[in-house]
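So that the names make sense, note that chain A is the first sequence line, chain B the second, and so on, each numbered from 1.
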Amino acid sequence: MPELPEVETVTMGLKPVMEGHRFTHVETRRGDLRVPFPNDFAGRLTGRRVEKLWRRAKYIMGTLDDGETLVIHLGMSGRMSVHAEGGQRTLGQYVQNLAGAGTGKHDHVVMDTDAPARIVFNDHRRFGLMLLVPTDELTGHKLFRGLGVEPLSDDLDAALLKSALKGKKTPIKSALLDQRVIAGLGNIYVCEALWRARISPKRLAAKVNTDQIKRLVPAIKQVLKEAVKAGGSSLRDHKRVDGELGYFQKSFAVYDREGAPCPRCKCKVKRIVQAGRSTFYCAKCQR
DNA sequence: AGGTCAACCTGAGCGC
DNA sequence: TGCGCTCAGGTTGACC
């Protein structure tokens with residue numbers, strides 16, 4: 001499901017029931033996610049208070065009151081849902097009914113907080129993960145030490161991107177998917193950003209010129225901001241924590257639109273495969 | 001060193 | 001209905 005806008009949407013949805021709240025009960029249903037749960041995950045989480053809930057790249061991070069941080073990744077198909085007694089309008093946001101919550105086939109983790117609310121992690125492909133990492137070891141942790149710049153921060157500018165792409169012989173499409181360059185972009189928003197910046201996905205990263213980089217940086221930021229505002233893109237799996245769909249997919253210019261007209265020049269959108277992933281682009285206006 | 005690609009899983013959609 | 005095939009928003013480790 002998730003790229004940065006979807007993870008941001010989910011994080012914001014979890015905040016009211018997690019931040020400042022304590023876990024009263026935690027249960028894992030099956031341990032064989034691709035990355036197994038840490039030892040006694042439920043026991044270590046129970047009774048802990050979440051001091052701060054935030055996002056880094058495509059990870060949801062919960063800083064706990066005991067010096068550990070809860071790290072959540074949704075993989076390709078992970079969902080988080082929030083349930084409470086009485087359903088809608090509880091807690092100042094829309095939440096789902098409590099009845100039956102956490103009993104689904106792929107509901108892997110059920111977490112109750114003193115909001116009170118029940119949070120369910122569902123992931124049918126099991127590519128997601130939940131870990132506990134000592135907070136003071138986060139920066140050096142394997143998952144985070146190599147991560148690139150946050151695209152929505154002021155740190156990402158033309159100069160930084162230019163130096164990050166310097167000497168890279170891989171296509172720009174693949175370079176932007178590399179989390180060590182920019183952290184949080186995925187297949188959808190890379191395609192969309194390249195279209196907005198009128199850059200061919202096949203162009204070698206090192207050959208993206210200064211003018212193009214100056215278009216690419218705002219294109220990335222704008223497409224992400226618009227998608228966050230729309231609640232992310234719901235293609236197959238993504239839902240907000242209240243079960244509603246994001247609607248940014250209605251705004252795609254090229255992604256998943258093979259054969260449809262390019263909104264700019266009306267040429268047919270092409271689909272190619274790069275590094276094993278679909279790329280959608282307009283061969284006429286992306287150079 | 002740096003880049004590509006299969007593998008990890010399940011489910012949905014499509015053609016037959 | 002059902003089978004077989006392809007594809008899916010991510011990440012990683014094995015391999016050129």
Polar side-chain atom of A:Glu192 near backbone of A:Phe252 as donor-acceptor pair, under 3.5 Å: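 Between the backbone of A:Phe252 and the side chain of A:Glu192 there is no qualifying donor-acceptor contact (under 3.5 Å).
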Between B:dA6 and C:dT6, how many Å separate the two P atoms, rounded to a whole number?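 Straight-line distance between the two P atoms is 13 Å.
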B:dC9 and C:dA14: how far apart are their P atoms, nearest whole angstrom?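 Between the two P atoms, the distance is 16 Å.
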More 5' along DNA chain B: A:His106 or A:Arg34, using each one's nearest nucleotide?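 Taking each residue's closest nucleotide, the earlier one in sequence belongs to A:Arg34.
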Side chain of [X] only, heavy atoms from C-beta on: which candidate in [options] is closest?
X	options	answer
A:Arg126	B:dC9, C:dG13, C:dG10	B:dC9
A:Lys169	B:dC8, C:dG13, B:dG3	B:dG3
A:Arg271	C:dG10, B:dG11, C:dA8	C:dA8

Taking atom [atom2] of [N] as reference, at what distance in whole Å does atom [atom1] of [X] sit?
X	N	atom1	atom2	answer
A:Leu235	B:dA12	CG	C1'	13 Å
A:Asp256	C:dT6	CG	P	18 Å
A:Asp107	B:dT10	CG	C1'	15 Å
A:Asp178	B:dC5	CG	P	15 Å
A:Leu143	C:dG13	CG	P	10 Å
A:Arg79	C:dA8	CZ	P	19 Å
A:Ile188	C:dA8	CD1	P	11 Å
A:His73	C:dT11	NE2	P	4 Å

Can you tell me if [X] and [Y] form a side-chain donor-acceptor pair at under 3.5 Å?
X	Y	result
A:Lys239	A:Ser81	no
A:His21	A:Asp114	yes
A:Lys173	A:Asn187	yes

Stepwise salt bridge (Lys or Arg N to Asp or Glu O under 4.0 Å) test for A:Arg44 and A:Asp66: CA-CA 10 Å; A:Arg44 284 157 70 188; A:Asp66 67 342; over 6 Å; no
Answer yes or no: does a side-chain N or O of [X] lie under 4.0 Å from OP1 or OP2 of [N]?
X	N	result
A:Gln179	C:dT11	yes
A:Thr170	B:dT4	yes
A:Lys168	B:dG3	yes
A:Lys142	C:dT12	no
A:Lys105	B:dT10	no
A:Ser278	C:dA8	yes
A:Lys166	B:dG2	no
A:Arg125	B:dC8	no

Answer with base, sugar-phosphate or nothing: what part of the nucleic acid does A:Tyr255 contact at a heavy-atom distance below 4.0 Å?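 Sugar-phosphate contact only.
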With a 4.0 Å cut-off on heavy atoms, is A:Pro5 in touch with a base, just the backbone sugar-phosphate, or nothing at all?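 No contact.
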Partner nucleotide of B:dC8 by Watson-Crick or wobble geometry (both distances under 3.5 Å):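 Paired with C:dG10.
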Both distances below 3.5 Å, Watson-Crick or wobble geometry, any strand: find the nucleotide opposite B:dA1.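 For B:dA1, the partner nucleotide comes out as none, under the 3.5 Å rule.
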Criterion side-chain contact (heavy atoms from CB on, under 4.5 Å) against A:Val190, the qualifying member of A:Leu177, A:Thr279, A:Ile220, A:Ile172: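 The residue from A:Leu177, A:Thr279, A:Ile220, A:Ile172 that satisfies side-chain contact (heavy atoms from CB on, under 4.5 Å) with A:Val190 turns out to be A:Leu177.
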Start with the C-alpha distance between A:Thr170 and A:Asp178, add both sets of side-chain angles, then the distance that settles side chain to side chain contact (heavy atoms under 4.5 Å, CB included), and finish with yes or no. CA-CA 10 Å; A:Thr170 188; A:Asp178 184 344; over 6 Å; no
May I ask whether A:Phe127 stacks on the base of B:dC9, given the cut-offs of 5.5 Å between ring centres and 30° between planes?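 It does not: the ring fails the test against the base of B:dC9.
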